[in-house]
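First up is the structure itself, then whatever we jot down about it.
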Amino acid sequence: QVQLQESGPGLVKPSQTLSLTCTVSGDSITANSYSWSWIRQPPGKGLEWVGYITYSGSTYYVPSLKSRTSISRDTAKNQFTLQLSSVTPEDTALYYCARYLLLGDYVDYWGQGTQVTVSS
């Protein structure tokens, strides 16, 4: 069974950079056909894409966040990370990492989620 676990600080100050790490077990993040994604859910709102990194290292970011977002990976640790710069309170959300089947446009495994609050 594939397991994903988010980690990182739960509180970030405005204008600073949000940084989260997802640790994957049960599968390799370099295994073909899969991508590794970040999805978030602001309070009272639905899920929204942040971006993803493919098994080969290519990245995609939603246009509204592209200028502030960087997703990278550490294949030796089987981890991938999210960095979101210049955060505002609107970036407050429950952040999930998830495995994404790019070809089928389908998310099959999720982490439990981690709450990130942007506040001074």
Side-chain angles (χ1 to χ4, degrees):
Q1 189 84 349
V2 177
Q3 295 183 330
L4 299 90
Q5 179 68 59
E6 304 91 346
S7 62
L11 182 64
V12 183
K13 294 182 178 180
S15 82
Q16 296 191 158
T17 297
L18 180 159
S19 183
L20 298 173
T21 296
C22 184
T23 300
V24 179
S25 62
D27 192 21
S28 171
I29 62 173
T30 62
N32 62 26
S33 300
Y34 302 113
S35 296
W36 304 90
S37 64
W38 289 99
I39 302 163
R40 69 182 187 179
Q41 184 174 30
K45 299 181 180 180
L47 297 169
E48 62 183 48
W49 279 98
V50 178
Y52 61 80
I53 186 166
T54 72
Y55 68 92
S56 63
S58 299
T59 55
Y60 166 81
Y61 313 114
V62 297
S64 61
L65 297 175
K66 184 177 181 179
S67 66
R68 301 193 289 129
T69 306
S70 179
I71 298 174
S72 59
R73 64 181 183 171
D74 185 335
T75 58
K77 296 180 178 180
N78 214 40
Q79 296 176 329
F80 63 103
T81 62
L82 169 68
Q83 291 186 296
L84 183 65
S85 65
S86 302
V87 298
T88 73
E90 293 183 5
D91 293 310
T92 294
L94 184 62
Y95 283 77
Y96 297 94
C97 57
R99 191 174 78 168
Y100 174 49
L101 284 67
L102 181 61
L103 183 61
D105 194 22
Y106 181 74
V107 174
D108 61 352
Y109 289 98
W110 298 73
Q112 67 182 47
T114 187
Q115 177 67 42
V116 178
T117 299
V118 179
S119 176
S120 60

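Nothing here was measured: the structure is a model prediction, and the numbers come from that model.
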On a heavy-atom basis, the closest approach of V107 and A98 is CG1-CB, 3.6 Å
Contacts satisfying disulfide bond (SG atoms under 2.5 Å apart) that involve residues 30-83 (not counting sequence neighbours) are none
For P9 and V116 the tightest heavy-atom approach is O-CG2, 4.0 Å
Hits for ring-ring contact (aromatic ring centres under 6.0 Å, His included) against Y96, two or more places apart or cross-chain, chain-then-number order -> W110
Correct closest heavy-atom pair for S120 and P14 would be N-CD, 3.6 Å
Please list, one pair per line, the donor and acceptor atoms closer than 3.5 Å that link side chains of residues 17-25 to other protein atoms, with sequence neighbours excluded.
{"residue": "T23", "atom": "OG1", "partner": "Q79", "partner atom": "NE2", "Å": "3.0"}

Disulfide bond (SG atoms under 2.5 Å apart) pairs touching residues 45-78, sequence neighbours excluded, are none
Contacts satisfying salt bridge (charged side-chain N to carboxylate O under 4.0 Å, His left out) that involve residues 3-30 (not counting sequence neighbours) are D27-R99
Q: Kindly indicate whether the side chain of Y34, heavy atoms from C-beta on, has any atom under 4.5 Å from the side chain of V2.
A: no
* **Backbone of F80 reached by a side-chain donor or acceptor of W36 within 3.5 Å** => no
For residues 50-63, the salt bridge (charged side-chain N to carboxylate O under 4.0 Å, His left out) pairs (sequence neighbours left out) are none
Applied to residues 62-72, the side chain to side chain donor-acceptor pair (under 3.5 Å) test, sequence neighbours excluded, yields R68-D91, S72-T81
CG of L82 to OH of Y61, rounded to nearest 0.5 Å, is 9.0 Å
Sequence neighbours excluded, the answer for side-chain contact (heavy atoms from CB on, under 4.5 Å) partners of P89 is V118
ask   = So, do S28 and N78 sit near enough that their side-chain heavy atoms are less than 4.5 Å apart?
value = yes
When rounded to the nearest 0.5 Å, the distance separating CD of Q16 from OG of S85 is 11.5 Å
Side-chain donor-acceptor contact under 3.5 Å, Y100 with D108: no
By side-chain contact (heavy atoms from CB on, under 4.5 Å), T117 pairs with (sequence neighbours left out) L11, T92, Q115, S119
By salt bridge (Lys or Arg N to Asp or Glu O under 4.0 Å), D74 pairs with (sequence neighbours left out) none
Sorted by chain and number, sequence neighbours left out, ring-ring contact (aromatic ring centres under 6.0 Å, His included) with Y109 holds for none
Residues 44-58, side-chain donor-acceptor partners within the protein, below 3.5 Å, at least two apart:
{"residue": "E48", "atom": "OE2", "partner": "R40", "partner atom": "NE", "Å": "2.6"}
{"residue": "E48", "atom": "OE2", "partner": "R40", "partner atom": "NH2", "Å": "2.9"}
{"residue": "T54", "atom": "OG1", "partner": "S56", "partner atom": "N", "Å": "3.3"}
{"residue": "T54", "atom": "OG1", "partner": "S56", "partner atom": "OG", "Å": "3.1"}
{"residue": "T54", "atom": "OG1", "partner": "G57", "partner atom": "N", "Å": "3.4"}
{"residue": "T54", "atom": "OG1", "partner": "S58", "partner atom": "N", "Å": "3.1"}

